[in-house]
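The structure under discussion appears below in the form of structure tokens.
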Amino acid sequence: MPYWTKLLQLNQQLAHPALNAQIKAMTAWREALAHRQLPKHPLPRLGIDESLYLDLVMAGHDVKAIQTMDKMLRNFRQYFAYHYGMWSSVNQDLFTTWQQLFGPLRYLEVASGNGYISAGLKAQGNHVITTDALTWTQENMTGRTPLVQTEALTANAALWAYGDQVDAVVMAWSPDRDINDAHTLHLMRRQFPQLLWFVIGERNGATDSQLFWSLARIKADRRLLKLNRQLPQFDAINERIYLIQ
């Protein structure tokens, strides 16, 4: 049975207000992505915690159904990544806050995938150049249906082509087993130290290579504290927005 059909079926079976609230938020995300739009708001924490688990058991629900529901809620990122090519859980609220904190800038997005970040930055009135090597299109929907016009360039090629025309670079969810991000870090330091570099991912976790994180210097900026409130952790992955030097 397809993921979404099964999820709705289990939600109807368990019939709990806390689960209904999660499904409502997930449905809004799914509908936005299906219409090639950014979701409006961040996702809440997804899954069944100990208190909710006990409520459901005490109500007489099947333990296997509860456990299956919990697993499916926690795997929502895999669902929207596979079907819509979205990995970083960006949303409209995030980009509204981003613009308030950092103001208008000229951006270069590298490894953009379907361009959700570029779309969010453009919607705030920024000039954005969007690039991606388009190497994941055979594996899932990443890069197949970009929301914005995308130029087929690797991160380093994009920097050489456009680094002198922008104020900031954005890189989100670089693969954790690909050390090209470390090469990009070296190029940024050597040739483009004046640029702001926003990196979105999980430090020493699901994104970016271990070599990258061992070499990266994270810039302290209080604005990021407020910005990251619009990117709350909703599953096991604690993605954050960093400024890298």
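No experiment lies behind these values; they were computed from the predicted model shown.
A salt bridge links R223 and D221; the closest N-O separation between the charged side-chain nitrogens and carboxylate oxygens is under 4.0 Å. For R106 and D167, the salt-bridge test passes: some basic side-chain N is under 4.0 Å from an acidic carboxylate O.
Contact annotation: the side chain of L43 approaches that of F80 to within less than 4.5 Å [non-hydrogen atoms, C-beta and beyond]. In this structure the side chain of Q210 reaches within 4.5 angstrom of the side chain of N204, judged on heavy atoms. A 4.5 Å side-chain heavy-atom check between L73 and M69 finds at least one atom pair inside the cut-off. Side chains of I241 and L231 form a contact here, defined as non-hydrogen atoms less than 4.5 Å apart. Within the 4.5 Å cutoff, side-chain heavy atoms of L121 are placed close to those of F95. Using a 4.5 Å heavy-atom threshold, the side chains of V148 and E109 count as separate.
Residue E31 holds its CD atom at 6.5 Å from OG1 of T27, rounded to the nearest 0.5 Å. For the atom pair CG of L211 and CG of D178, the computed distance is 11.0 Å after rounding to the nearest 0.5 Å. Taken to the nearest 0.5 Å, the OG1 atom of T184 stands 6.0 Å off from the CH2 atom of W197. Interatomic distance, CD of Q233 versus CG of N238, reported as 4.0 Å (0.5 Å rounding). The line from CD1 of I237 to OG of S89 is 9.0 Å long, rounded to the nearest 0.5 Å. Taking CG of L10 as the reference point, atom CE of M72 lies at 6.5 Å (rounded to 0.5 Å).
Ring-centre distance between F234 and F76: not below the 6.0 Å cut-off. Ring centers of W29 and Y84: at least 6.0 Å apart, outside the cut-off.
With sequence neighbours excluded, no residue forms a salt bridge (Lys or Arg N to Asp or Glu O under 4.0 Å) with D49. Qualifying side-chain hydrogen bond (donor to acceptor under 3.5 Å, both in side chains) partners for T207, counting only residues two or more places apart in sequence or in other chains: none. In this structure Q22 satisfies the side-chain hydrogen bond (donor to acceptor under 3.5 Å, both in side chains) test with no other residue, sequence neighbours excluded. Remark: R240 pairs with no residue by the salt bridge (Lys or Arg N to Asp or Glu O under 4.0 Å) rule, at least two apart or across chains. When the side-chain contact (heavy atoms from CB on, under 4.5 Å) test is applied to H41, the partners found at least two apart in sequence or on another chain are D93.
Residue Q165 qualifies as enclosed at atom CD: its count of foreign heavy atoms under 6.0 Å is above 12. Within 6.0 Å of CZ in R222 there are 12 or fewer heavy atoms belonging to other residues, nucleotides or ligands. Around atom CD of Q12, no more than 12 heavy atoms belonging to other residues, nucleotides or ligands sit under 6.0 Å away. By the neighbour-count criterion of 12 heavy atoms within 6.0 Å, atom CD of Q194 is densely surrounded, having more than that number from other residues, nucleotides or ligands.
A donor atom on one side chain and an acceptor atom on the other are found under 3.5 Å apart for E239 and W173. Between E151 and Y162, the side chains place a donor N or O and an acceptor N or O closer than 3.5 Å (distance only, hydrogens not considered).
Of all non-hydrogen atoms in P104 and N126, the two that sit nearest each other are CA-OD1, 3.2 Å. L14 and A65 get closest at one heavy-atom pair: CD1-O, 4.3 Å. Scanning both residues, A158 and T131, for their nearest heavy atoms gives CB-OG1, 3.4 Å.
The residue from R190, H183, R189 that alone fulfils the side chain to side chain donor-acceptor pair (under 3.5 Å) condition with H186 is R190. Applying the side-chain contact (heavy atoms from CB on, under 4.5 Å) test between Y53 and each of D55, L56, V57 identifies V57 as the sole match.
For residues 80-90, there are no salt bridge (Lys or Arg N to Asp or Glu O under 4.0 Å) pairs, not counting sequence neighbours.
Under the 4.5 Å side-chain heavy-atom criterion for ILVMFWY residues, no single connected hydrophobic cluster contains both M171 and L227. Hydrophobic clustering, with ILVMFWY side chains joined whenever heavy atoms are under 4.5 angstrom apart, groups V128 together with L38.
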